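Each remark here refers to the structure printed beneath this line.
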Amino acid sequence: MRVLIPSPLRSYTASAATVDGLGATLGELSVDLDRRYPGMRFRIIDEQGQLRPHIRFFVNGVQTRSLASPLAEADEVMIVCALSGG
Amino acid sequence: MVQAKSPRSRGVTLLIATKKGLWQMQSDATRRSWRLSGPQFLGHVVHHAVADPRDRKTMLAAARTGHLGPTIFRSSDRGRTWREAKQAPAYREGSGRVVDHTFWLTPGHPSMPGVWYAGTSPQGLFRSDDGGTTWRGVDGFNEHPQRKAWCGNDQDGTPDGPTLHSVLVDPRDPYHLYIAMSSGGVFESSDGGEDWRPLNRGVRANFLPQPDPEYGHDPHCVRIHPMLPDRLYQQNHCGIYRLDRPAERWQDIGATMPKSVGDIGFPMVLHPRDPDTLWIFPMDGSDVWPRVSPGGKPAVYRSVNAGKTWQRHATGLPSAQAWLTVKRQAMTADSGDPVGVFFGTTSGEVWGSRDEGRTWKCLAAHLPHIYAVEAA
């Protein structure tokens with residue numbers, strides 16, 4: 001599926017704003033992205049498996065907070081860095 | 001035979017960790033001329049950046065951004081290029097705890113090349129055995145049955161979060177460690193971190209109902225003297241202290257500070273060779289704790305007799321209306337003779353003295369909020 005990468009994470013994707021990813025859920029997709037781009041997952045998901053406070057996922061334009069959310073091959077996933085302030 | 005250059009013939013490098021990235025300053029051999037370079041990691045919150053004295057080429061930087069979680073960057077060429085750690089400090093899955101940021105970095109004992117320690121917020125202790133590439137929790141502390149009693153809840157602590165800092169390694173014994181926590185107090189391990197015990201007797205905690213508790217204190221910065229490792233000094237939330245082991249009770253050495261200045265501050269720096277000489281940067285701890293230079297008149301105070309008396313040194317510093325704040329990692333000394341002393345402010349200035357603190361010069365300004373200054 002197509003994954004839109006925000007600028008703070010593009011150091012992991014060689015500046016690519018859009019990458020491919022695989023997974024039946026958001027959690028699986030995050031593991032696949034970390035396999036392709038090592039280190040990315042821990043920057044957006046903490047060691048207890050929770051989204052970090054200023055990270056959001058949108059699937060086909062709809063926000064979801066659950067890493068168990070199912071995904072389909074044709075979905076578009078957008079990772080958003082939001083509202084960190086300071 | 002090629003002889004290694006002494007630190008003085010190479011000049012001094014300062015690693016300046018800020019809220020918005022990492023800068024370096026390099027001096028000439030006389031330390032009169034300085035060149036500022038950077039930023040690296042622009043936009044990252046860099047809490048600490050430290051050079052490895054064991055190989056003089058490795059550097060680690062603890063960073064996160066406003067959005068992204070914490071990580072460690074490692075350089076093996078004195079900061080020219082950096083690679084991210086493969087496994088940053090993180091609590092055990094299922095523990096319910098989350099590392100917000102790595103606050104403190106300490107190279108391990110010279111007999112253990114590649115070993116580093118990291119202190120985090122909320123309070124946790126981590127260790128790397130491969131020069132900072134992968135990190136694991138020091139379970140003897142992080143999983144200690146008393147840890148929560150010592151540290152309080154992860155939400156408690158200073159405005160930037162409760163911190164574990166001042167990780168100290170006894171130069172005579174790689175298994176003899178000290179740590180300090182704000183809050184929590186000073187703790188000691190004699191078995192490489194397998195077990196810990198409080199070491200706070202004699203230190204006031206006048207913000208607690210019981211003024212002389214076993215733990216729960218707020219050490220701001222603790223230092224061990226490299227040439228006399230039985231001597232520790234501590235700048236605390238409640239004064240300045242010295243401990244000469246094997247004694248267990250800290251001695252109050254802040255009472256001789258001028259009452260108008262007080263004995264509150266965050267950083268503390270030791271002379272690299274003379275165990276009796278140290279520097280502090282007093283800040284206003286009155287009423288609501290402004291944490292700025294008392295009266296807007298910044299000064300460094302030096303003791304040359306292990307804290308019996310203190311001398312004010314302000315030559316070159318602004319004489320009025322200068323409300324400087326210096327964080328606990330943001331003051332350091334080099335190994336020169338005379339020793340160079342340096343500090344960075346939250347208002348983005350770097351100040352330096354090349355005569356052991358007697359006179360001061362502003363070396364850089366307009367940097368972001370400075371968290372840490374370390375000499376390399």
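The structure displayed is predicted, hence computed values, not measured ones. By convention in this document, chain letters (A, B, ...) are assigned in the order of the sequence lines, proteins followed by strands, and residues within each chain are numbered from 1.
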Exercise for the section: Output yes when a side-chain donor or acceptor of A/Gln48 lies under 3.5 Å from a complementary backbone atom of B/Gly94, and no otherwise. Expected result: yes
Practice task
Check the pair B/Gln87, A/Phe42 against side chain to side chain contact (heavy atoms under 4.5 Å, CB included), reporting the backbone distance first and the verdict last.
Solution key: CA-CA 9 Å; B/Gln87 187 178 341; A/Phe42 187 65; over 6 Å; no
Fill in the blank from the handout: Closest non-hydrogen atoms of B/Val98 and A/Arg52, given as atom of the first, atom of the second and distance, are CG1-NH1, 4.1 Å
Practice task
Would you mind checking which part of B/His44 comes under 4.5 Å of any heavy atom in chain A, side chain (CB onward), backbone (N, CA, C, O), both or neither?
Solution key: side chain
Practice task
Keeping the roles fixed (side chain from A/Glu47, backbone from B/Arg92), state whether a donor-acceptor pair exists under 3.5 Å.
Solution key: no
Donor-acceptor contacts, no H, no angles, side chain residues 15-28 of chain A, under 3.5 Å, sequence neighbours left out:
unit_1: A/Thr25; atom_1: OG1; unit_2: A/Gly27; atom_2: N; d: 3.4
unit_1: A/Thr25; atom_1: OG1; unit_2: A/Glu28; atom_2: N; d: 3.0
unit_1: A/Glu28; atom_1: OE1; unit_2: A/Ala24; atom_2: N; d: 2.9

Practice task
Check each atom of B/Val45 against the heavy atoms of chain A and say whether the ones under 4.5 Å are side chain, backbone, both or neither.
Solution key: neither
Problem - Any donor-acceptor N/O pair, A/Arg43 side chain to B/Gly69 backbone, under 3.5 Å - result: yes
Completion exercise
Turns out that what part of B/Glu84 lies under 4.5 Å from chain A's heavy atoms comes down to side chain
Exercise for the section: Apply the test side chain to side chain contact (heavy atoms under 4.5 Å, CB included) to residues B/His67 and A/Leu9: give CA-CA distance (whole Å), side-chain angles for both, the deciding distance (0.1 Å), then the verdict. Expected result: CA-CA 10 Å; B/His67 302 103; A/Leu9 289 172; over 6 Å; no
Problem - Contact origin within B/Pro89 toward chain A - heavy atom pairs under 4.5 Å - result: backbone
Practice task
Answer yes or no: does atom CD of B/Glu93 have more than 12 heavy-atom neighbours from other residues, nucleotides or ligands under 6.0 Å?
Solution key: no
Handout entry: Residues from residues 119-130 of chain B approaching chain A under 4.5 Å (heavy atoms)
Key = none
Exercise for the section: Taking atom CZ of A/Arg10 as the centre, report whether more than 12 heavy atoms of other residues, nucleotides or ligands fall under 6.0 Å from it. Expected result: yes
Practice task
Sort A/Pro8 into side chain, backbone, both or neither according to what part of it lies under 4.5 angstrom from a heavy atom of chain B.
Solution key: both
Handout entry: Steps toward side chain to side chain contact (heavy atoms under 4.5 Å, CB included) verdict (A/Asp46, B/Val99)
Key = CA-CA 8 Å; A/Asp46 69 30; B/Val99 172; over 6 Å; no
Practice task
Could you tell me whether A/Met78 atom CE has more than 12 heavy atoms of other residues or ligands within 6.0 Å of it?
Solution key: no
